[in-house]
K.L.:
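Starting off with a structure, shown below.
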Amino acid sequence: MRNFLSIDDVPDPSGLVNKALVYKRQPFLDKQLGVGKTLGMLFLNPSMRTRISTQVAAKNLGMEVIVFNIDKEGWQLEFADGAVMKGDKTEHVKEAAAVLGQYFSILSIRTFPKLIDRTDDYSENVIQQFVKYAGIPVLSLESATLHPLQSLADRVTIKENLQAGRRPKVVLTWAPHVKALPQAVPNSFAEWMKNWDEVDFVITHPKGYELDKKFTGNSKIEYDQNKALDGADFVYVKNWSSYQEYGKIMNTDPSWMITNNKLANTNTAKVMHCLPVRRNLVIADEVLDGPNSIVVQQAGNRVWAAQAVLAELLREN
Ligand code: AN0
Ligand code: CP
């Protein structure tokens, strides 16, 4: 594994899940593996879980970590090839990435989509230029279209909660939100679920919220949320803005919020969300405070997912 930008970089996703679960039992198993190695963490956008869990993971492996909030503390970067840099951009990614590549063993980056130009966002221009010019392995901390560290932790969490002898129904449901959010989390979750032969995967959302087929493939779409939730074992809740009408909010129907009533016909489904979650807009208090929410366990597993990925990058580079 050279980089970790999507599931396509992972030769054996189930093996990586198992490695994460090994680190959960033995956090310091490989505490020498990263000694003398440095992880650079570059943030172009906010983060709590990804930032902290990846730092903890790196430290468990003996790595040093340097965090750089480039959006707030760095020079403004130019990404366009051939730009005449007379505006507000001080430095081109060609130099910035190449320089950072000299300082670190692994470079990790969070870069959200702008949600204006779909072609530009879906080209993954920002993270791909870091890959091109840094010359060291690059780890995604959520890019324009994918959040693979999240999805790996999600799969770890589902695996931990499987009922023996039962093939689970996993439902990804859209829920309302007041802001236009990226498709990265649902795109990525769909990739990691459709690749997993131990689950039945269904996506439900209002019309107009279809995700890019590149990520969902032949996954089943059920537009009736109640039908989709029927018999579900896991309900993964997430808002995203439209891919078709790119970056737009097409629907704010509060009846899509996840409540206990919505979950009544599930198989006492476990409820998941990547967090941060807006209470009583996306998921009701009664669900988040109830016995079937596993959102905190899910966020906890971010450490072990990141540790499994960092260990692979350290071993193979
Ligand atoms: C971001 C998103 O939806 O991609 C990050 C989630 C991990 N969420 C928000 O901006 C609220
Ligand atoms: N789930 C997630 O990536 O959270 P943060 O945005 O806080 O990192």
Side-chain angles (χ1 to χ4, degrees), residues 4-6 20 39 41-58 65 67-72 108-116 118 121-122 124 126-127 139-158 172-192 203 205 209 211-212 215 236-243 246-250 252 256-258 271-283 288 293-307 309-310:
F4 185 75
L5 308 177
S6 86
L39 173 68
M41 298 185 72
L42 223 61
F43 286 91
L44 284 81
N45 311 97
S47 167
M48 181 175 88
R49 278 143 290 269
T50 307
R51 170 187 305 245
I52 306 294
S53 63
T54 307
Q55 286 190 59
V56 172
V65 184
V67 179
F68 181 24
N69 299 313
I70 194 169
D71 57 332
K72 297 187 187 76
S108 60
I109 304 163
R110 167 162 284 199
T111 171
F112 285 173
K114 295 181 190 69
L115 296 177
I116 297 165
R118 184 170 93 176
D121 286 343
Y122 274 66
E124 291 284 8
V126 172
I127 203 158
L139 165 62
S140 168
L141 303 173
E142 186 173 350
S143 67
T145 67
L146 292 169
H147 194 358
L149 279 180
Q150 179 68 54
S151 312
L152 173 57
D154 298 339
R155 198 154 135 176
V156 167
T157 309
I158 293 173
L172 166 63
T173 179
W174 180 91
H177 206 282
V178 287
K179 284 181 69 181
L181 297 187
Q183 298 97 32
V185 170
N187 282 344
S188 198
F189 186 69
E191 276 199 331
W192 285 75
I203 306 173
H205 54 66
Y209 278 96
L211 295 162
D212 186 352
F215 304 115
Y236 195 100
V237 192
K238 183 71 182 88
N239 169 268
W240 62 90
S241 62
S242 177
Y243 172 72
Y246 191 64
K248 299 256 172 352
I249 297 175
M250 313 283 291
T252 52
W256 278 79
M257 177 172 74
I258 294 300
V271 176
M272 303 176 69
H273 190 285
C274 63
L275 306 182
V277 67
R278 291 187 183 226
R279 282 175 169 250
N280 304 311
L281 176 69
V282 178
I283 305 178
L288 285 166
S293 167
I294 54 171
V295 299
V296 173
Q297 179 186 354
Q298 185 184 353
N301 284 335
R302 295 292 306 274
V303 172
W304 320 115
Q307 195 167 333
V309 171
L310 284 170

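Whatever order the structure lists ligands and atoms in, that order sets their numbers, starting from 1. By convention here, the first residue in the shown sequence is residue 1. Atom set for the values below is all heavy atoms of this structure, side chains included, hydrogens, waters and symmetry mates excluded.
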K.L.:
Using a 4.5 Å cut-off on heavy atoms from C-beta on, say whether the side chain of R51 contacts that of P46.
P.N.:
no
K.L.:
Find all atoms of ligand 1 within a distance of less than 4.0 Å from any non-hydrogen atom belonging to P182, and give their numbers and elements.
P.N.:
2 (C), 3 (O), 4 (O)
K.L.:
If you have a sec, work out which protein heavy atom is nearest atom 10 (O) of ligand 1 and how many Å separate them, to one decimal?
P.N.:
L181 CD2, 3.6 Å
K.L.:
If you look at every heavy atom in F43 and D71, which pair is closest and at what distance?
P.N.:
O-OD1, 3.1 Å
K.L.:
Which atoms of ligand 1 sit under 4.0 Å from any heavy atom of L275?
P.N.:
7 (C)
K.L.:
Looking only at heavy atoms, which two atoms of K179 and N239 are closest? And how far apart?
P.N.:
O-OD1, 3.8 Å
K.L.:
Can you name the nearest heavy-atom pair linking A306 to S53, along with the distance?
P.N.:
CB-O, 4.4 Å
K.L.:
Please answer whether the main-chain N or O of T145 pairs with a side-chain N or O of N187 as donor and acceptor at a distance below 3.5 Å.
P.N.:
yes
K.L.:
Could you establish whether K238 and ligand 1 come within less than 4.0 Å of each other, counting only heavy atoms on the residue side?
P.N.:
yes
K.L.:
Dump the pairs for me: ligand 2 N or O, protein N or O, distance under 3.5 Å, to 0.1 Å.
P.N.:
| from | atom 1 | to | atom 2 | distance (Å) |
| --- | --- | --- | --- | --- |
| ligand 2 | 1 (N) | Q150 | OE1 | 2.9 |
| ligand 2 | 1 (N) | C274 | O | 2.9 |
| ligand 2 | 1 (N) | L275 | O | 2.9 |
| ligand 2 | 1 (N) | R302 | NH1 | 3.4 |
| ligand 2 | 3 (O) | T50 | OG1 | 2.8 |
| ligand 2 | 3 (O) | R110 | NH2 | 3.1 |
| ligand 2 | 3 (O) | H147 | NE2 | 2.9 |
| ligand 2 | 3 (O) | R302 | NH1 | 3.2 |
| ligand 2 | 4 (O) | R49 | NE | 2.9 |
| ligand 2 | 4 (O) | L275 | O | 3.4 |
| ligand 2 | 6 (O) | R110 | NH1 | 2.8 |
| ligand 2 | 7 (O) | M48 | N | 2.7 |
| ligand 2 | 7 (O) | R49 | N | 2.9 |
| ligand 2 | 7 (O) | R49 | NE | 3.2 |
| ligand 2 | 7 (O) | R49 | NH2 | 3.0 |
| ligand 2 | 8 (O) | S47 | OG | 2.7 |
| ligand 2 | 8 (O) | R49 | N | 3.4 |
| ligand 2 | 8 (O) | T50 | N | 2.8 |
| ligand 2 | 8 (O) | T50 | OG1 | 2.7 |
| ligand 2 | 8 (O) | R110 | NH2 | 3.4 |

K.L.:
Looking at every heavy atom in both L139 and V309, which two are closest together, and how far apart are they?
P.N.:
CD1-CG1, 3.7 Å
K.L.:
How far is atom 1 (C) of ligand 1 from the closest protein heavy atom, and which atom is that?
P.N.:
F112 CZ, 4.1 Å
K.L.:
Within the supplied structure, the quantity of interest is the number of heavy atoms (other residues, nucleotides, ligands) at a distance under 6.0 Å from K72 NZ; does it exceed 12?
P.N.:
yes
K.L.:
Do the non-hydrogen side-chain atoms of I158 and Y236 ever get within less than 4.5 Å of each other?
P.N.:
no
K.L.:
Could you name the option among E142, Q150, H273, M48 that has the heavy atom nearest to atom 4 (O) of ligand 1?
P.N.:
E142
K.L.:
Using the side chain to side chain contact (heavy atoms under 4.5 Å, CB included) criterion, which residues pair with A20? Sequence neighbours excluded.
P.N.:
V156, W304, A308
